[in-house]
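For the numbers below, each heavy atom of this structure counts, side chains included, while hydrogens, waters and symmetry mates do not. As the structure lists them, so they are numbered: ligands from 1, and atoms in each ligand from 1.
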Amino acid sequence: MPNQVKTVSQTRVVLAQVAMPGDANPAGNVHGGTIMKLIDNAAGVVAMRHTRRNVVTASIDRLDFHYPVFVGNLIILKACLNRVGKTSMEVGVRVEAENVMTGEIRHTASAYLTFVALDADGYPTNVPELISETLEDKRRLAEAVERYERRRCTNCRR
Ligand SMILES: CCCCCCCCCCCCCCCC(=O)SCCNC(=O)CCNC(=O)[C@H](O)C(C)(C)COP(=O)(O)OP(=O)(O)OC[C@H]1O[C@@H](n2cnc3c(N)ncnc32)[C@H](O)[C@@H]1OP(=O)(O)O
């Protein structure tokens, strides 16, 4: 049912993956590009669950890595839909790294991604409405609207 209205909680995902030696950069920490791909996948699943359509990543906002992720850490990605436009959606992703031996969890990165839903011919198509139910959902929506306005202003100056 592609056009069915959905709540934020209906599409949120938590993905977890153990960081393996093959994920490491030459310094032995997890490669930033590996984390970026996981972020794109987690956010993409949320956008697909909301639309039940093919989606493409249109943009990724500034991405800061606060702490290194080490091989053996459990990488946990928490993603949810913040805002929908006409054919686009903003998904927020929080990345945590858990040391499974000690239980220590560190917030290592956050990112905001915009996805566009495509119809069967590959053209942008309308996305379902989003219901922001909780106070947290509403705060995220308000912040997403601010980011959308900022992006629009930046694009206008080009
Ligand atoms: C076999 C199946 C199994 C499936 C089960 C597995 C599930 C596993 C899931 C994994 C999920 C992975 C997810 C990875 C997804 C990729 O990796 S996609 C690859 C990288 N991305 C691309 O190649 C996209 C290339 N770009 C494009 O195709 C086009 O520029 C776009 C993004 C479709 C936009 O097209 P356009 O003609 O510019 O569209 P336009 O009508 O002007 O704008 C449409 C909307 O996009 C917005 N927009 C356009 N550009 C931007 C921008 N730069 N920034 C923000 N918003 C923008 C507009 O504001 C507008 O928003 P609305 O007002 O409608 O809400």
Side-chain angles (χ1 to χ4, degrees), residues 1-20 22-25 29-66 69 73-98 107-134 136-158:
M1 290 280 275
N3 289 320
Q4 194 186 350
V5 177
K6 292 197 185 78
T7 62
V8 174
S9 62
Q10 278 178 287
T11 60
R12 74 169 70 246
V13 298
V14 179
L15 301 183
Q17 174 171 318
V18 177
M20 301 298 277
D23 298 321
N25 61 26
N29 305 328
V30 174
H31 205 289
T34 301
I35 296 171
M36 286 169 72
K37 186 169 179 181
L38 291 173
I39 289 172
D40 201 17
N41 279 344
V45 169
V46 170
M48 287 182 86
R49 288 180 105 186
H50 185 72
T51 58
R52 300 297 175 197
R53 288 188 187 279
N54 188 24
V55 298
V56 285
T57 317
S59 71
I60 303 182
D61 273 17
R62 178 178 167 150
L63 170 58
D64 293 309
F65 295 101
H66 307 300
V69 177
N73 282 171
L74 183 65
I75 307 170
I76 303 164
L77 299 107
K78 299 178 176 175
C80 70
L81 196 54
N82 293 337
R83 170 191 172 271
V84 297
K86 188 163 165 276
T87 66
S88 68
M89 301 151 275
E90 188 201 84
V91 181
V93 183
R94 176 186 168 95
V95 185
E96 297 172 349
E98 177 178 335
H107 174 206
T108 62
S110 290
Y112 301 104
L113 300 86
T114 301
F115 286 84
V116 175
L118 302 181
D119 65 17
D121 298 317
Y123 293 106
T125 187
N126 288 2
V127 299
E129 281 176 43
L130 176 69
I131 302 173
S132 303
E133 290 179 308
T134 66
E136 193 69 4
D137 295 345
K138 291 180 169 67
R139 177 186 62 77
R140 290 203 177 105
L141 170 62
E143 291 174 4
V145 169
E146 282 177 24
R147 279 188 294 275
Y148 170 74
E149 295 296 344
R150 271 204 301 275
R151 273 183 223 117
R152 230 167 42 139
C153 293
T154 310
N155 290 341
C156 287
R157 273 188 241 118
R158 282 188 194 142

Between Thr57 and Asp40, a side-chain donor and acceptor under 3.5 Å: yes

Nearest-contact summary for atom 53 (N) of ligand 1 - protein heavy atom, Å: Ala58 O, 3.5 Å

Per-atom contact, atom 1 (C) of ligand 1, protein heavy atoms, under 4.0 angstrom: no

Protein heavy atom under 4.0 Å of atom 36 (P) of ligand 1: no

Short N-O contact, Asp137 and Arg139, less than 4.0 angstrom: no

Contact (N/O only, under 3.5 Å) between Asn41 and ligand 1: no

Exercise check, heavy-atom protein proximity under 4.0 Å to atom 43 (O) of ligand 1: no

Protein residue, atom and distance nearest to atom 64 (O) of ligand 1, heavy-atom basis: Thr87 OG1, 2.6 Å

Ligand 1 contact on Val116 by region, counting heavy-atom pairs under 4.0 Å: side chain

Evaluation steps, side chain to side chain contact (heavy atoms under 4.5 Å, CB included), between Val95 and His107: CA-CA 6 Å; Val95 185; His107 174 206; 5.8 Å; no

Exercise: identify the closest heavy-atom pair between Ser110 and Leu63: O-CD1, 3.4 Å

Atom 55 (C) of ligand 1 - nearest protein heavy atom and its distance: Ser59 OG, 3.5 Å

For Pro124, the ligand 1 atoms whose distance to one of its heavy atoms is below 4.0 Å: 39 (O)

Residue Met48 vicinity, atoms of ligand 1 by number, heavy atom under 4.0 Å: 4 (C), 7 (C), 9 (C)

Taking every non-hydrogen atom, the tightest pair across Arg83 and Ala144: CB-CB, 3.7 Å

Distance (rounded to the nearest 0.5 Å) between Leu81 CG and Thr7 OG1: 10.0 Å

Gap between atom CG of Leu15 and atom CD1 of Ile76 - 0.5 Å precision: 11.0 Å

Heavy atom of protein closer than 4.0 angstrom to atom 30 (O) of ligand 1: no

Distance flag for atom 59 (O) of ligand 1, protein heavy atom under 4.0 Å: no

Val56: numbered ligand 1 atoms lying under 4.0 Å from its heavy atoms: 18 (S), 24 (C), 33 (C)

Heavy atom of the protein closest to atom 18 (S) of ligand 1 (residue, atom name, distance): Thr57 N, 3.5 Å

Check: Tyr148 N/O within less than 3.5 Å of ligand 1 N/O: no

Exercise check, heavy-atom protein proximity under 4.0 Å to atom 9 (C) of ligand 1: yes

Atom of Phe115, atom of Gly44 and distance for their closest heavy-atom approach: CZ-N, 3.4 Å

Test item: protein heavy atom less than 4.0 Å from atom 40 (P) of ligand 1: no

Test item: Asp119 side-chain N/O and Asp121 main-chain N/O as donor-acceptor pair under 3.5 Å: yes

Under 4.0 Å to a heavy atom of Val45 - the qualifying atoms of ligand 1, by number: 9 (C)

Side chain Lys138, main chain Glu133, donor-acceptor under 3.5 Å: yes

Part of Ser88 within contact of ligand 1 (heavy atoms, under 4.0 Å): both

Residue and atom name of the nearest protein heavy atom (relative to atom 11 (C) of ligand 1), distance in Å to one decimal: Gly44 CA, 3.7 Å

Distance filter under 4.0 Å to Gly85 heavy atoms, resulting ligand 1 atoms: 65 (O)

Any N or O of Lys86 closer than 3.5 Å to N or O of ligand 1: yes

From CA spacing to verdict: side chain to side chain contact (heavy atoms under 4.5 Å, CB included), Lys86, Val127: CA-CA 6 Å; Lys86 188 163 165 276; Val127 299; over 6 Å; no

Thr114 and ligand 1 - part of the residue with a heavy-atom distance under 4.0 Å: side chain

Greater than 12 external heavy atoms within 6.0 Å of Glu129's CD: no

Chi angles and distances behind the side chain to side chain contact (heavy atoms under 4.5 Å, CB included) call for Phe65, Met36: CA-CA 10 Å; Phe65 295 101; Met36 286 169 72; 4.2 Å; yes

Salt-bridge present (Arg151, Glu90; N to O < 4.0 Å): yes

Any protein heavy atom nearer than 4.0 Å to atom 49 (C) of ligand 1: no

Val13, Asp40, Val127: member with heavy atom nearest to atom 13 (C) of ligand 1: Asp40

Note: Glu149-Arg152 ion pair, threshold 4.0 Å (strictly below): yes

